[in-house]
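Worth knowing before you read on, the calculation uses all heavy atoms, side chains too, and leaves out hydrogens, waters and symmetry mates. Protein chains get the first letters and strands the later ones, always in sequence-line order, with residue 1 at the start of each.
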Amino acid sequence: MPIHNNDISEILRKTADLLEIEGADEFRVRSYRQAANSVENITDNLAEKVKDGEDLTKISDVGESIADKIKEIVNTGSLQQLEEIKERVPEELSKLLNLEGIGPERTKELHEELGIETLDELKKAVENKEVRELEGMGKKVEDKISQELQRKRDQETRTLFARAEEYAEPLLDYFIECDAAQKIEIGGSYRRRKETIGDLDILITGSDVDAIMDYFTNFEDVQDVIKRGESRTSVHLRSDIRVDVAVIKDESYGAALLYFTGSKEHGIHLRDRALDMDLKVNEYGVFPEDEDESIAGETEEEMYEVLNLKWIPPEMREDRGEIEASEKGTLPNLITLDDLKGDIHMHTTHTDGDASIREMAKAAKEYGHDYIAITDHTKRVSVAGGLEADELAEELDEIEKADEKIDDIRILKGAEVDILKDGSLDLPDDILEKLDICICSVHYHTDLPEDEQTKRILKAMDNPNIDILGHPSGRLIQEREPMALDMEKIIDKAAENDIVLEINANPHRLDLDDRHCMMAKDKGVKMSISTDAHSVGELHNMKYGVYQARRGWLEADDIINTLSADELLKMLGRN
DNA sequence: GCCGTTTTCGGCCCGACTGTTTTCAGTCG
């Protein structure tokens with residue numbers, strides 16, 4: 001079984017969780033967590049590094065000891081140390097840490113005093129009112145646990161970005177009417193444009209804190225108030241999304257924005273850097289050692305500046321090397337929505353789309369595109385009414401006619417061809433040669449073993465007619481796992497054959513994901529950002545693809561649909 | 001367990017909020 005970086009980071013993280021519950025030294029626990037984060041963030045395949053005998057301690061936060069453990073995991077698939085800890089600390093206890101209000105100390109106490117090993121046992125203990133008898137706990141803690149168990153607050157409860165947006169925007173609109181509030185900004189993973197959001201962090205400047213907090217908790221969508229302090233208030237919305245509001249002073253706006261935007265790892269790295277410069281960074285500003293007067297804090301730019309750094313776009317703040325790049329002045333000039341000139345993956349009523357070629361073209365023109373490609377499904381995708389070769393030929397004629405008749409937007413002839421189980425394509429080459437753009441995608445047999453799945457797609461990528469590999473991993477966020485696939489091999493093949501990898505902008509897909517965007521860029525592979533729209537409205541999903549591309553450090557040059565239609569066709573070697 | 005313009009030991013990011021406490025521990029972001 002091939003070991004992925006994620007397998008390694010999961011084992012390290014689990015080890016940290018169980019060690020922490022056991023009462024191990026907190027800094028030792030932190031080391032395992034930091035190493036897990038590092039491993040998760042590097043784009044090279046660690047298993048191969050181990051095979052090649054490379055020095056793993058060059059990875060940040062990985063020392064001799066953890067390097068050995070990584071080698072053990074790669075070679076044996078497990079970690080003996082973790083297996084031994086599991087005998088002392090039941091594995092499921094780590095799930096208790098995911099409940100809000102429960103940390104390692106309380107988990108330990110619940111385990112030692114009440115013999116609790118599972119969530120079910122915790123539930124029973126709460127029902128029997130046993131938890132309130134423990135030292136340091138009481139009725140309120142017990143009630144909180146009861147609520148949390150009901151809410152099942154684990155990682156699964158993150159919210160798709162596009163859904164969070166639907167709740168965030170009305171709340172921002174609501175605050176516009178609040179006289180006490182001046183500046184309003186959403187921080188957190190929302191500002192970093194992560195594909196899923198844990199909660200909404202809202203920052204507000206203003207002097208009358210009580211008025212702002214009253215206004216906030218009176219929002220019609222607020223279900224319950226979790227906590228209310230002198231500067232911070234947290235609530236749940238009816239949609240179950242948690243919203244934290246912090247009220248801050250103008251002179252601390254930049255410091256607070258930086259702090260509340262995160263990521264946590266980015267913030268820790270910055271504060272660590274500050275300490276090296278005898279500075280203390282907190283959410284109020286930057287303070288020289290032993291002084292109360294801040295030397296920066298009003299804007300994010302000056303916060304970074306006093307640390308000798310250039311401002312870093314929020315999407316990059318994941319501690320994946322952006323601080324080093326900022327220091328060296330090598331931050332990328334991230335792509336923006338305005339850079340895109342066309343949308344080259346969409347469907348029409350010829351297959352499973354809701355709108356005609358003409359309707360899609362006019363809507364895209366209105367949206368601001370110079371060109372689009374119509375890329376309907378082909379025959380194997382029968383549920384979508386996929387086209388036979390002769391039907392596709394007819395559609396291509398129709399596209400040509402529409403292109404002549406509709407001014408100010410060019411309509412390219414495309415198709416989304418299905419990659420069959422054996423890696424061949426479902427239409428013959430002679431029709432594919434007539435296309436301007438040929439996207440090839442997997443729609444069936446998504447559960448093949450990794451070796452077979454990888455071989456299948458690599459074979460398709462050797463067909464000279466393929467221009468773009470559509471939604472490469474096949475994932476649907478929170479609904480369907482990515483296919484078992486050696487993505488590094490796919491990316492290497494794309495580099496070798498000059499094949500473009502798609503960043504599907506559908507907010508449920510975002511496929512390639514941010515890490516694979518980084519990996520593809522490193523290997524010189526070009527990408528496209530496309531909506532895969534099945535209706536006029538979905539043409540507006542383009543922004544989500546841009547967010548993901550920005551999280552993957554991509555620039556306009558990395559994306560082929562920033563080119564004009566002529567340049568694009570030339571690049572693809574078409575017409 | 002990691003790390004080093006403080007370099008092989010002695011540190012390790014920082015403050016708000018809650019609940020159970022009479023001064024603080026635990027948790028969170």
>> Can you check the distance between B:dC13 and B:dT5, where both ends of the measurement are the P atom (answer in whole Å)?
In response: 16 Å
> Which part of the nucleic acid, if any, lies within contact of A:Lys108, taking any heavy atom under 4.0 Å across all strands shown: a base, the sugar-phosphate backbone alone, or nothing?
Replying inline: nothing
>> Regarding A:Lys140, tell me which of base, sugar-phosphate or nothing describes its non-hydrogen contacts under 4.0 Å with the strands shown.
In response: sugar-phosphate
>> Quick check: on DNA chain B, is the nucleotide nearest A:Leu134 upstream (toward 5') of the one nearest A:Thr107, or the reverse? Name the residue that is more 5'.
In response: A:Leu134
>> Whole angstroms only, please: what is the CD1-C1' distance between A:Ile268 and B:dG29?
In response: 10 Å
> Stepwise, does the side-chain hydrogen bond (donor to acceptor under 3.5 Å, both in side chains) test hold for A:Asp55 with A:Thr57?
Replying inline: CA-CA 6 Å; A:Asp55 181 9; A:Thr57 61; 2.7 Å; yes
>> When the C1' atoms of B:dT18 and B:dT7 are compared, how many Å lie between them, rounded to an integer?
In response: 42 Å
> Taking for each residue the nucleotide of DNA chain B with the nearest heavy atom, is it A:Gly136 or A:Val29 whose nucleotide lies nearer the 5' end?
Replying inline: A:Val29
> Rounded to whole angstroms, how far apart are CZ on A:Arg33 and P on B:dC13?
Replying inline: 14 Å
>> Counting only side-chain nitrogens and oxygens, does A:Thr233 get under 4.0 Å of the OP1 or OP2 atom of B:dA16?
In response: no
>> Please verify the inter-ring angle class for A:Phe175 with A:Tyr215; under 30° counts as parallel, over 60° as perpendicular, anything in between as tilted.
In response: tilted
>> Please classify the nucleic acid contact of A:Asp25 as base, sugar-phosphate, or nothing, using heavy-atom distances under 4.0 Å.
In response: base
> Under the side-chain hydrogen bond (donor to acceptor under 3.5 Å, both in side chains) rule, what pairs show up with a residue in residues 200-214 of chain A, not counting sequence neighbours?
Replying inline: A:Asp210-A:Arg228, A:Asp214-A:Arg228
> Among B:dT20, B:dC13, B:dG29, which nucleotide sits nearest the side chain of A:Val141?
Replying inline: B:dT20
> Rounding to the closest angstrom, what is the interatomic distance between B:dC17 and B:dG11 at atom C1'?
Replying inline: 28 Å
>> Using whole Å, what does the distance between atom P of nucleotide B:dG29 and atom CD of A:Glu265 come to?
In response: 13 Å
>> With a 4.0 Å cut-off on N to O distance, would you call A:Arg33 and A:Glu20 a salt bridge?
In response: yes
> Using the C1' atom in both, what is the distance from B:dT22 to B:dC12, to the nearest Å?
Replying inline: 31 Å
> Quantified in whole Å, what is the P atom distance between nucleotide B:dG15 and nucleotide B:dT20?
Replying inline: 26 Å
>> One thing to verify: whether A:Glu301 and A:Lys310 come together as a salt bridge, which I'm taking to mean a side-chain N less than 4.0 angstrom from a carboxylate O.
In response: no
> Tell me: CG of A:Asp276 to C1' of B:dT6, nearest whole Å?
Replying inline: 9 Å
>> What is the distance, to the nearest angstrom, from the CE atom on A:Met303 to the C1' atom on B:dC13?
In response: 13 Å
>> Salt bridge or not between A:Glu195 and A:Arg551? Use side-chain N to carboxylate O under 4.0 Å.
In response: no
> More than 12 foreign heavy atoms under 6.0 Å from CG of A:Asn333: is that the case here?
Replying inline: no
> Quick one: A:Lys144 NZ to B:dT20 P, roughly how many Å, whole number?
Replying inline: 12 Å
>> Please report the distance separating the C1' of B:dT21 from the corresponding atom of B:dT27, rounded so that it comes out in whole Å.
In response: 16 Å
> Does the distance from a Lys or Arg side-chain N to an Asp or Glu carboxylate O, for A:Arg317 and A:Glu300, drop under 4.0 Å?
Replying inline: yes
> With distance as the sole test, does A:Gln182 use its side chain to make a donor-acceptor pair with the main-chain N or O of A:Gly206 at under 3.5 Å?
Replying inline: no
>> To the nearest 0.5 Å, what is the distance between CG on A:Asp25 and OG on A:Ser31?
In response: 8.5 Å
>> Classify A:Ile102 by what it touches in the nucleic acid, base, sugar-phosphate, or nothing, heavy-atom distance under 4.0 Å.
In response: sugar-phosphate
> Does any residue of residues 277-286 of chain A have a heavy atom under 4.0 Å from DNA chain B, and if so, which ones, in number order?
Replying inline: A:Lys280, A:Val281, A:Asn282, A:Glu283, A:Tyr284
> Can you tell me how far P of B:dC14 sits from NE2 of A:His266, to the nearest Å?
Replying inline: 16 Å
> For the pair made of NZ in A:Lys227 and P in B:dG15, what is the distance, rounded to whole Å?
Replying inline: 17 Å
> On a whole-Å scale, what distance lies between the P atoms belonging to B:dC14 and B:dC9?
Replying inline: 25 Å
>> Whether A:Arg271 contacts B:dC13 is assessed here as follows: a side-chain N or O lying under 4.0 Å from the phosphate OP1 or OP2. Is that the case?
In response: no
For nucleotides 2-4 of chain B, print each protein N/O atom paired with a nucleotide N/O atom at under 3.5 Å, atom names and distance only.
| from | atom 1 | to | atom 2 | distance (Å) |
| --- | --- | --- | --- | --- |
| B:dC2 | OP1 | A:Gly63 | N | 2.7 |
| B:dC2 | OP1 | A:Gly63 | O | 3.4 |
| B:dC2 | OP1 | A:Ile66 | N | 3.1 |
| B:dC3 | OP1 | A:Asp61 | N | 2.7 |

>> Using a strict threshold of under 4.0 Å (side-chain N to carboxylate O), is an ion pair present between A:Arg475 and A:Asp511?
In response: no
> For B:dA25, which nucleotide in any strand shown is its Watson-Crick or wobble partner with both distances under 3.5 Å?
Replying inline: B:dT18
>> If you only use heavy atoms from C-beta on, which nucleotide in B:dA16, B:dT27, B:dG1 is closest to the side chain of A:Arg106?
In response: B:dT27
>> Can you check the distance between B:dT8 and B:dG4, where both ends of the measurement are the P atom (answer in whole Å)?
In response: 13 Å
